[in-house]
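One structure is given here, and the rest of the page talks about it.
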Amino acid sequence: MRWQTAGVALLLAAAAGAQPRTCACGSAPPGPPPNRTLEPYAGAPDDLRPFSRFTKPYYEHYTKEVEYNGAARDVPTLKPADVSEVAIGFLGPVREHKDEALGRAMLHGAEMAVDEANARGGYGGKPFRLKVHNDAALWGASSNEIVKMVYDDKVWAMLGSISGDSTHIALRVSLRSELPIVNSAATDPTIPETIIPWILTSIQDDRVQSYTLARRIYSDLGLKRVALLRVNERYGRFGVIKFRDASRRLGHPLIIEQKFAPGDVDFSRQLRVIQDSGVDAIVLWTDAAPAGMILKQMRAMGMRQPVFGAARVVGEDLLRLAGGAAEGLEAVYPFDPTRDDPAWVDFQKRFTQKYAAPVDSFSALGYDTMNILLDAICRAGLNRAVIRDALYGLERYKGVTGEMIFDPNAKNIAPLYLGTVKSGKLTFRRYSMERPYAAVREHAVEFAGPPAEDVSAKELTIGLFGPQADRLAPSLQASGYRVVGIPSEASWGKSSTDLVNLVYQQNAIGLIATDRAAAHLAEQIAVKTFLPVIALSADRKLTSTNIPWIFRLDADTPVSAAVDCLIDAARHAGPNRGRIREYLAGGNRVGGRFAFDSHGELRARP
């Protein structure tokens, strides 16, 4: 019952993050945020902090709440009756720019959040209105657009931009105009270090990305000679600074750094130089399309070094252009886009239907970050300084992308995810920049309980648990086997009872769970009943708890393929749950194309 209650609570939390409450219109403004201190800055581990092996600094910057002590809080807060609309600015490269595809994705995410807020009633019946301005990535042009936003459009706050330089310009304007800014895309680590108290950043910056990559490359994998290949623009120049620092602090200064111009398609010269340097690994700091071309050209030249990338390496163009050359690539990412929790799946469906485009980090974080801003406006009312207070008072936020954790600089420092290309697909797992205090998955997961008895029946029973499983089961029957469906739409108590009866009364030899929620309940039943479970889910937590009865397939695997896996195992191992588990965990090929390791993860993918 405790597990069921926790599961329901998590689902409610996810729903609350994805669906903000009705606007309070400043009825209970939050007040100035409490003074907070978080040491060390950005949660950096000791061995990645400057001079940590030699001395302790007498003072550390950026660890305390950024204060605002101006008079803007005293400006009267406008009520819904005082305005015809609530203007919110947007600055991004939406036309005539090399990054316009990224800018449009960010805009679509922000637009969707605004449209949904208006459908809920807007600001006391008055609509939120997005004022879109193009970021031409020129200092003069960008500053003019921001000034127009503030003084002509009279926006209450803004979201933007993708480039670090334009975001820095916006910060300077906000300092004079006292305008709150939310940033969902610019990863320049110097943005919060201006100590201008008007910006919240929802994406983990290049400092967090660099430290995480360094931990993976040097501490985890033990690589020593690393080359860096980056785009020669501000994103590449500023992004790699922290990785360069981290490499040196961990005792492995970069062997060589090569750069290329934006728009380049031939990287043979840089790759030859790197090849001649005899490095163990290569780090890419660029976008998905160049990364895809680099990987393809690398492998064609016979270069077999492992490749790692910053977050912008991940994108549709990566696998499209690299093909099989992307195999083994590892890249950090702000969240797990393959998970199947309801809030994320529902957001992807709504977004794809609305824009006929796939979701990426720019659209998803644009959506979450705009929702953070809209919620701050609703809590604070129409007063820029109080909106700023609401943003800086935020310590955690649960959105469709997952949980964000904000430090006193209003910067998201939540641990990143590490994406790995396996058999043409990216799989993700949480990966911290902290040095691990213990290693997991070092030893095989085993079952040391009593041996199971053989099941004696003319037809062996396989359980199917998930949404509308009772309707799906009749189409999955096989000679000598009976598939019994248990729908997961019923209450957890009824579902648990039905599953227990399936094991003890109908002598099921195995169970297939068709989604994440069903898989977690099935796993709890399997622990008690010694029942092999095949879960169709992207949630790697299922196999991280050393429960020897759970085996995971990708969420998009056909249910019929999972049935084939259990039937193959039963035919080889006999009608015995324990031996079926041993056969599945032994790396034997089942279903014609799958093989599991002892932890329940796929050893060989289709």
Side-chain angles (χ1 to χ4, degrees), residues 20 23 25-26 29 68 70 72-73 75-95 103-104 106-118 122-136 141-163 166-186 191 196-202 366-392 410:
C23 190
C25 301
Y68 168 71
R73 294 188 185 96
V75 175
T77 299
L78 299 186
K79 301 182 182 304
D82 300 327
V83 297
S84 60
E85 64 180 21
V86 177
I88 298 173
F90 175 93
L91 181 69
V94 293
R95 63 178 184 275
R104 284 196 300 269
M106 184 171 72
L107 174 60
H108 289 160
E111 280 179 339
M112 188 166 163
V114 169
D115 290 346
E116 291 178 354
N118 286 334
Y123 186 81
K126 301 300 173 66
F128 294 103
R129 195 76 68 199
L130 207 56
K131 305 294 184 179
V132 180
H133 290 255
N134 185 47
D135 180 4
S142 297
S143 59
N144 289 339
E145 293 299 316
I146 300 166
V147 170
K148 289 177 188 175
M149 215 184 288
V150 174
Y151 296 105
D152 295 344
D153 295 339
K154 301 188 184 308
V155 300
W156 294 96
M158 66 164 280
L159 184 150
S161 177
I162 290 178
S163 67
S166 296
T167 307
H168 268 289
I169 295 169
L171 267 175
R172 269 59 185 180
V173 176
S174 76
L175 185 61
R176 295 296 298 269
S177 62
E178 298 182 319
L179 178 73
I181 301 171
V182 289
N183 163 38
S184 66
I191 288 170
I196 294 175
W198 291 95
I199 187 165
L200 175 143
T201 297
S202 64
Y367 176 83
D368 268 351
T369 309
M370 181 55 73
N371 272 324
I372 289 174
L373 177 56
L374 292 170
D375 180 65
I377 293 172
C378 286
R379 288 188 290 121
L382 296 181
N383 179 303
R384 288 176 177 170
V386 185
I387 294 169
R388 176 261 170 214
D389 288 343
L391 292 172
Y392 272 77

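All figures in this text were calculated on a predicted structure; none of them were measured in a lab. This chain uses plain numbering: 1 for the first residue, then up along the sequence.
- Counting only heavy atoms from C-beta outward, the side chains of Ile199 and Thr167 approach each other to under 4.5 Å.
- Residues Phe90 and Gly103 approach most closely at CZ-O, 3.8 Å, considering heavy atoms.
- In this structure, the separation between CG on Asp375 and CG on Leu391 is 9.0 Å, given to the nearest 0.5 Å.
- Between atom CD of residue Glu145 and atom CG of residue Asp152 there is a gap of 10.0 Å, rounded to the nearest 0.5 Å.
- To the nearest 0.5 angstrom, Met158 atom CE is 9.0 Å from Asn183 atom CG.
- The closest side-chain heavy-atom distance from His133 to Asp153 is below 4.5 Å.
- In this structure, cysteines Cys378 and Cys23 have SG atoms closer than 2.5 angstrom.
- Two residues are said to be in side-chain contact when any heavy atoms from C-beta on lie closer than 4.5 Å; Val173 and Leu179 fail this criterion.
- To the nearest 0.5 Å, the span separating NZ on Lys148 from NZ on Lys131 amounts to 14.0 Å.
- Judged by distance alone, the side chains of Asp135 and Ser161 do bring a donor and an acceptor atom under 3.5 Å apart.
- Taking CZ of Arg73 as the start and CG of Asp389 as the end, the distance is 4.0 Å to the nearest 0.5 Å.
- Under the rule for a salt bridge (charged side-chain N to carboxylate O under 4.0 Å, His left out), the partners of Asp115 that lie at least two apart in sequence or sit in another chain are Lys354.
- Nearest heavy-atom pair across Gly124 and Cys25 is N-SG, 3.3 Å.
- At distances below 3.5 Å, not a single donor-acceptor pair connects side-chain atoms of Asn118 with backbone N or O atoms of Pro127.
- Tyr367 has its side chain within reach of Glu116: a pair of non-hydrogen atoms, C-beta onward, lies under 4.5 Å apart.
- Counting all heavy atoms, side chain and backbone alike, Leu374 lies closest to Ala113 at CD1-O, 3.7 Å.
- With a 6.0 Å radius and a threshold of 12 heavy atoms from other residues, nucleotides or ligands, Lys79 has its NZ atom at or below the threshold.
- Here the side chains of Leu78 and Trp156 are in contact, with some heavy-atom distance below 4.5 Å.
- In terms of heavy atoms, Ile181 sits closest to Leu171 at CD1-N, 4.0 Å.
- In this structure, the side chains of Ser202 and Val182 stay at 4.5 Å or more apart for every pair of heavy atoms.
- Note that the CD1 atom of Ile377 and the CD1 atom of Ile372 stand 12.5 Å from one another [nearest 0.5 Å].
- Between Ser177 and Tyr151 the shortest heavy-atom distance is CB-OH, 3.6 Å.
- For Trp198, the ring-ring contact (aromatic ring centres under 6.0 Å, His included) test picks out Tyr68, with sequence neighbours left out.
- For His108, the ring-ring contact (aromatic ring centres under 6.0 Å, His included) partners two or more places apart in sequence, or in a different chain, are Tyr355.
- No donor-acceptor pair closer than 3.5 Å links the side chain of Arg384 to the backbone N or O of Ala72.
- Across all their heavy atoms, Met370 and Leu130 have their closest contact at CE-CD1, 3.7 Å.
- Here the side chains of Ser184 and Asp368 are not in contact, with every heavy-atom distance at 4.5 Å or above.
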